[in-house]
Undergrad: 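Shown below is the structure under consideration.
All figures in this text were calculated on a predicted structure; none of them were measured in a lab. Protein chains get the first letters and strands the later ones, always in sequence-line order, with residue 1 at the start of each.
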Amino acid sequence: MEGLTLSDAEQKYYSDLFSYCDIESTKKVVVNGRVLELFRAAQLPNDVVLQIMELCGATRLGYFGRSQFYIALKLVAVAQSGFPLRVESINTVKDLPLPRFVASKNEQESRHAASYSSDSENQGSYSGVIPPPPGRGQVKKGSVSHDTVQPRTSADAQEPASPVVSPQQSPPTSPHTWRKHSRHPSGGNSERPLAGPGPFWSPFGEAQSGSSAGDAVWSGHSPPPPQENWVSFADTPPTSTLLTMHPASVQDQTTVRTVASATTAIEIRRQSSSYDDPWKITDEQRQYYVNQFKTIQPDLNGFIPGSAAKEFFTKSKLPILELSHIWELSDFDKDGALTLDEFCAAFHLVVARKNGYDLPEKLPESLMPKLIDLEDSADVGDQPGEVGYSGSPAEAPPSKSPSMPSLNQTWPELNQSSEDTAIVHPVPIRMTPSKIHMQEMELKRTGSDHTNPTSPLLVKPSDLSEENKINSSVKFASGNTVADGYSSSDSFTSDPEQIGSNVTRQRSHSGTSPDNTAPPPPPPRPQPSHSRSSSLDMNRTFTVTTGQQQAGVVAHPPAVPPRPQPSQAPGPAVHRPVDADGLITHTSTSPQQIPEQPNFADFSQFEVFAASNVNEEQDDEAEKHPEVLPAEKASDPANSLRVAKADSKTEEKTAAGAPTNVSKGTAPLAPPPKPVRRRLKSEDELRPEVDEHTQKTGVLAAVLASQPSIPRSVGKDKKAIQASIRRNKETNTVLARLNSELQQQLKDVLEERISLEVQLEQLRPFSHL
Amino acid sequence: MAVCIAVIAKENYPLYIRSTPTENELKFHYMVHTSLDVVDEKISAMGKALVDQRELYLGLLYPTEDYKVYGYVTNSKVKFVMVVDSSNTALRDNEIRSMFRKLHNSYTDVMCNPFYNPGDRIQSSRAFDNMATSMMMQVC
């Protein structure tokens, strides 16, 4: 295949034709059907067409690539000029007029085509080459429209089409794909204005002529009253609509146009020069849709369930695949039901499809359901309101969807907030045995909730479908509760199925929040006898706190990693008033405490020792020890008894110790459980232990002993908080002290080591001897 | 950065399978098929009473030399299987989870379409296709 040289005009013309045929926007391959139509419009005999196709290589390749297409076009020009078809003739025939594509009907086409070719020399006026079409053969109205059209045509021809052309370069997607299939297969619906002869090549700007004429023509055309039969239903309103939508096509019925021309056609709609949207629903259409909606669902603010909608749209006899796609497009919030807006959009798409228009890839803006509160004043023409979709300003297309940005703004916030919620909440809230800490947790949670913008956000999309709101609140509640309570993540992931949110991010976040919070180990299960009290407290806490719709699966209090907290200032609790009852009741609130009851009972006697050893109030440590205890839970009461006894021994030692020892002893025990366990294993090990360790274990024991004396009696939040603050501070100081002591020890040991090494060095030379 | 994404119905027949076209697709189909056994094993290991608490994300089903296979089961026993390239070490567990979550969401969207009969192959949903394509090309 030789290379093809094209003049500039030819180049432009061919590329326009190519893009016209390239309805799938592949930029590489044109649709064969469209190309065939074009060739038919070239008024060449069939065998010539076949020959052309063969020559350009399309039959070989099976498709029309760009080069094939151009070659074919050139060959068409060659054939039309009467030259024999040869491969060489592509380049040898000079000064070839542009190929002409005409519809057989209209003689004016040829005139027009002639004007086309005559203008081909004039490069600059390429846009001018696209005069408005001389006239469309209106099937029904015949010459009337012709007459009306023609004067307009000539008038329009004067207009520089360039201003018209340019904005169309980036038309909304809908006109792009808004091509007519060949009308013929579209069934009985399209008999009247839509049936027509072969495709007619109409350049840009044709619609300008058509619009007003079309309106005048069709204004008197009133849709027949709606009937039960779907097919005939679709007939009248849609056709009238389509005509108004696409006036140029109204004129031609079978006109084939490039993207630009289509947009031009739409642009001049009703004698107004406003840029219009082909997917706009007219008032009467809208009314019709609303009536149809009412037949299914009398409440205009309600939903049509999916099944009813399915039946309804199945009556249209469109293939299920297309109906499915229409549904996908029109169910904006993905909830499986159609609101009025969604229903109208779907109906409109069905109607369009039945009349041969391709379905768009994305929902056109004018069909997007109106989201009231999310878009402020940005009713950018596209969704001006219920009725009256007309007159959309030109800015509509550039912004993808006026409602979407605000929608997007809202949801990401929610996402973040839910994420934050998820992240904020797994605060290691202590699993405390006392009410105080539960209240502390409650305070913490409310505090984080205030920072959590979910609640205001929940208020915001209040006008959204209720489902959205409820579901979103459920989601956030789920986020909260999951974070708090390790409730089953599964129950929440099932929520997205009902949630009518178009933003998957939101769901993914709420979905992932269980995942994010899952890692912390689940809290130890409450013992049966304690679960009631503890869970009651927790539930109360939670419901008060979240205040949102509870998914309410919280079974356990938030996890408190039962780690031995190093910050344990081992100060034995000052809470002297330890009676066994107090201990037991105290332990009753902490789920893990049950097995410890005997411990506490035993420890009570050592409290005195503990008290003597400790200088400071150490409520905190006492409370922290419940966490330690779970670690030791493995020990049965017997062991703990032994522990208690060991404690007594160590404590005696401790008591005998120097004040420094005591201070050391009060230093927090780094691994509290370990010494305890050691004691459990064998008490004899205690003796050989280093003094400091002993001291520390003693302190630990003291602390353990003091544990039971947790201020059950203190019931006030403030006091509790202050107490805990105090405790923490004390813990801090104790820890600091321990740290310094250990550092000191470390230094000493290092010095020893150095001295030993020096000795070694000295002795070494003698080792040879 | 999945190499292959598959949606398997409850009865263990595929509803949707998609792999990066460069490779030999049959190989991936086979991998997915064999992974179903592992999935079943993981499901049954959970026990009777723990259905609700069973985690949807199953994690790494099994690694092969070149690929790793991850699984995810919904509550209705619809399984998602994803094959990723082993060379893609940067792919963390969380990312896989999020990919599965997206899959799940898209799947529920498809379900919401009344014209989709559960049990059909997922052919009609362009949104689902787009999402799957994006996952296969993402993080490249």
Undergrad: Distance check, rounded to the nearest 0.5 Å: Phe128(B) atom CZ versus Glu328(A) atom CD?
TA: 10.5 Å
Undergrad: Where do Pro114(B) and Ser307(A) come nearest, in terms of heavy atoms and distance?
TA: CB-N, 4.4 Å
Undergrad: If I compare all heavy atoms of Ile320(A) with all of Phe115(B), which pair ends up nearest, and what's the gap?
TA: CG2-O, 3.8 Å
Undergrad: What part of Asp120(B) gets within 4.5 angstrom of chain A, counting heavy atoms only: side chain, backbone, both, or neither?
TA: neither
Undergrad: Check whether more than 12 heavy atoms from other residues, nucleotides or ligands sit under 6.0 Å from atom OH of Tyr30(B), and answer yes or no.
TA: no
Undergrad: Lys334(A) and side-chain contact (heavy atoms from CB on, under 4.5 Å): which partner among Asp109(B), Thr108(B), Val110(B), Asn113(B)?
TA: Asp109(B)
Undergrad: Does His33(B), at its NE2 atom, have more than 12 non-hydrogen atoms belonging to other residues, nucleotides or ligands within less than 6.0 Å?
TA: no
